[in-house]
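This report refers to the structure that appears directly beneath it.
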Amino acid sequence: MAAINFRNSRRLLLGITGGIAAYKVAELARLLVQGGIEVQTVMTESARHFLGPTTLQALTSKPVYTQLWDDSVNNSMAHIDLSRAVDAILVAPASADFIAKIAHGLADDLLSTLCLARNCPLMIAPAMNQQMLGNPATQRNLTTLKKDNITILGPAYGIQACGETGMGRMLEPHELFEVVQNFFQPRLLQGKRVLITAGPTFEAIDAVRGIINLSSGKMGFAIANAALEAGAEVTLISGPVCLTYPAVKKLIPITSANDMLAAVKNEVTLNDIFISVAAVADYRPAISHTQKIKKTDNNMVLDLVPNPDILQYVVNLPNPPFCVGFAAETEDIDKNAEIKRHKKNLPLLIANFAQEAMGSDDSTLMLFDDNGKHTLAKAPKIDQARRLIEHIATLYKKHHS
Ligand code: C5P
């Protein structure tokens, strides 16, 4: 299996302005460097009152720049050189004063000047007192930044260093790290339309009862997020789950297998890739009562009829998209997975241990395709999803070359 092919270059300029949240940026720098991102730090004069450049220098293994007029830069053009040597700029924390400067195109120190001179995306993580944030001037400035395609990350609500409570806390280092990591994912599915089914289906017995399974939807949602990061246009058809929906192009919540099939029929011809992650119920009650069934002292027999196989329907279409199936197995995983892959005629089937994967945040995945079996050792589902998307993009490309 090919190694993970991140963007060739993953260079971030980390700008730090004056605010108490600056102390948390040391942790962010550590996460970024550990994540394989090259970090160049630039601090404003005010930031140095909250955090020492030596800390950042040690964490990033690079000198920290603070001055517009820096003798160590050969041509005295640190603002141009630094902004050209990175793929993105993140300013965290971004103070009210810094936001005002960027909104108005001011350039009176190194960080504001290089932001004005940049030719790469700029993200900012505001952090300030809640009254400063709510002030109409700050709000106007933030609106201007959004219009200028600058990404605003947060801020969050909570207790502030000044003792007040409200909006204005900087996002936590791990949240900012996640955003930067997403930014650097390779755009392997740019321009591709991907249809994903996720979660369980619910098959009603009566007005209040039904058959469901232990699928949480976490794997399907992670794959939807990874496909978005890879630049795909994603449609997500989801059974009943308790998760935050990814920012997909189209979201279709459904209940039963028949609902899912109807939604898939509507969407599938518009898509290049179909990833069938949902744990679709194999059977449904032959009769679904509209009223609640009354309890009696007798045994009750539930008559079940098979549900349609949605993935099989898609595979059998005259012009199907590239289809990927999932199989949650409890035993004989290799044998069962290969049988399923051949029966359903799939270029790729992903198997996992039902006991380990269902409902959990981590899973081990086994990928079965024409080249055999590849195992992705146990890891968080979002990491597995990113690896899977990379594999799917490679197979999809081969399929269409
Ligand atoms: O046959 P089995 O249910 O194990 O196959 C699993 C794969 O088939 C999964 O990708 C699942 O989403 C899909 N499936 C389906 N419709 C069903 C049952 C399973 O699309 N009724």
Side-chain angles (χ1 to χ4, degrees), residues 194-204 210-224 226-227 234-241 252-269 271 273-286 288 304-317 320-359 363 365-369 376 381 384-385 388-389 391-392 395-396:
V194 178
L195 178 64
I196 299 169
T197 62
T201 62
F202 177 88
E203 311 299 327
I211 300 172
I212 196 155
N213 58 61
L214 289 177
S215 169
S216 61
K218 287 179 184 171
M219 193 70 230
F221 277 43
I223 291 174
V234 179
T235 299
L236 176 62
I237 302 174
S238 173
V241 295
I252 309 173
I254 55 87
T255 304
S256 67
N258 272 330
D259 295 344
M260 186 173 271
L261 177 63
V264 166
K265 279 184 176 173
N266 271 340
E267 299 298 324
V268 72
T269 53
N271 283 275
I273 298 172
F274 175 51
I275 312 178
S276 180
V277 196
V280 184
D282 291 323
Y283 297 92
R284 69 176 183 281
S288 170
L304 300 176
V305 295
N307 265 331
D309 191 310
I310 301 167
L311 178 55
Q312 199 66 73
Y313 162 83
V314 176
V315 170
N316 291 342
L317 285 172
F322 182 84
C323 288
V324 179
F326 263 74
E329 300 290 343
T330 54
E331 57 190 343
D332 282 340
I333 208 160
D334 291 13
K335 196 172 116 213
N336 288 329
E338 276 300 12
I339 291 172
K340 218 166 261 188
R341 190 171 87 85
H342 286 107
K343 188 173 155 225
K344 298 204 180 190
N345 194 21
L346 294 167
L348 175 64
L349 181 118
I350 295 121
N352 53 21
F353 298 106
Q355 305 93 314
E356 179 200 80
M358 285 187 119
S363 75
L365 297 183
M366 275 133 293
L367 282 52
F368 295 85
D369 59 26
L376 301 181
K381 285 183 174 171
Q384 301 292 53
L388 256 186
I389 287 294
H391 194 66
I392 290 170
L395 290 186
Y396 176 84

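First listed ligand is number 1; within each ligand, the first listed atom is number 1. Worth knowing before you read on, the calculation uses all heavy atoms, side chains too, and leaves out hydrogens, waters and symmetry mates.
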Quiz item: For atom 20 (O) of ligand 1, which protein heavy atom lies nearest, and how many Å away is it?
Solution: Leu311 N, 2.8 Å
Quiz item: Taking non-hydrogen atoms only, is Gln312 closer than 4.0 angstrom to ligand 1 via side chain, backbone, both or neither?
Solution: neither
Quiz item: Who gets closest to atom 19 (C) of ligand 1 by heavy atom: Lys344, Lys343, Lys340?
Solution: Lys344
Quiz item: Hey, which atoms in ligand 1 end up nearer than 4.0 Å to a heavy atom of Gly325?
Solution: 10 (O)
Exercise. Please name the residue in the list Asn258, Ile237, Val280 that meets the side chain to side chain contact (heavy atoms under 4.5 Å, CB included) test with Ile310.
Key: Val280
Exercise. Assess whether atom CZ of Phe202 is packed by more than 12 heavy atoms of other residues, nucleotides or ligands within 6.0 Å.
Key: yes
Quiz item: Pro308 near ligand 1, heavy-atom distance under 4.0 Å?
Solution: yes
Quiz item: Does any N or O in the side chain of Asn336 come within less than 3.5 Å of the main-chain N or O of Glu331, such that one atom is a donor and the other an acceptor?
Solution: yes
Quiz item: Is the side chain of Lys218 donor-acceptor paired with the backbone N or O of Ala357 at a distance under 3.5 Å, no angle test?
Solution: no
Quiz item: In the protein, what heavy atom is nearest to atom 3 (O) of ligand 1, and what distance, to one decimal place, separates them?
Solution: Asp282 OD1, 3.9 Å
Exercise. Applying side chain to side chain contact (heavy atoms under 4.5 Å, CB included) between Phe326 and each of Leu348, Leu311, Ile223, report the one that passes.
Key: Ile223
Quiz item: How about Leu349 and Lys344: do any of their side-chain heavy atoms sit closer than 4.5 Å?
Solution: no
Quiz item: Does the Asn352 side chain pair with the main chain of Leu365, one donor and one acceptor, at a distance under 3.5 Å?
Solution: no
Practice problem: Count the heavy atoms belonging to other residues, nucleotides or ligands that lie under 6.0 Å from CG of Leu317, then report whether that count exceeds 12. | Solution: yes
Practice problem: Report the nearest protein non-hydrogen atom to atom 7 (C) of ligand 1: residue, atom name, distance rounded to 0.1 Å. | Solution: Phe326 O, 3.0 Å
Quiz item: N/O of Ile310 under 3.5 Å from N/O of ligand 1, yes or no?
Solution: yes
Exercise. Pick, from Ala278, Ser215, Gly220, Ser276, the option with the minimum heavy-atom distance to atom 10 (O) of ligand 1.
Key: Ser276
Self-check item: Sub-4.0 Å heavy-atom approach of Thr197 to ligand 1
Solution: no
Exercise. Report yes if Val324 has an N/O atom closer than 3.5 Å to an N/O atom of ligand 1; otherwise report no.
Key: no
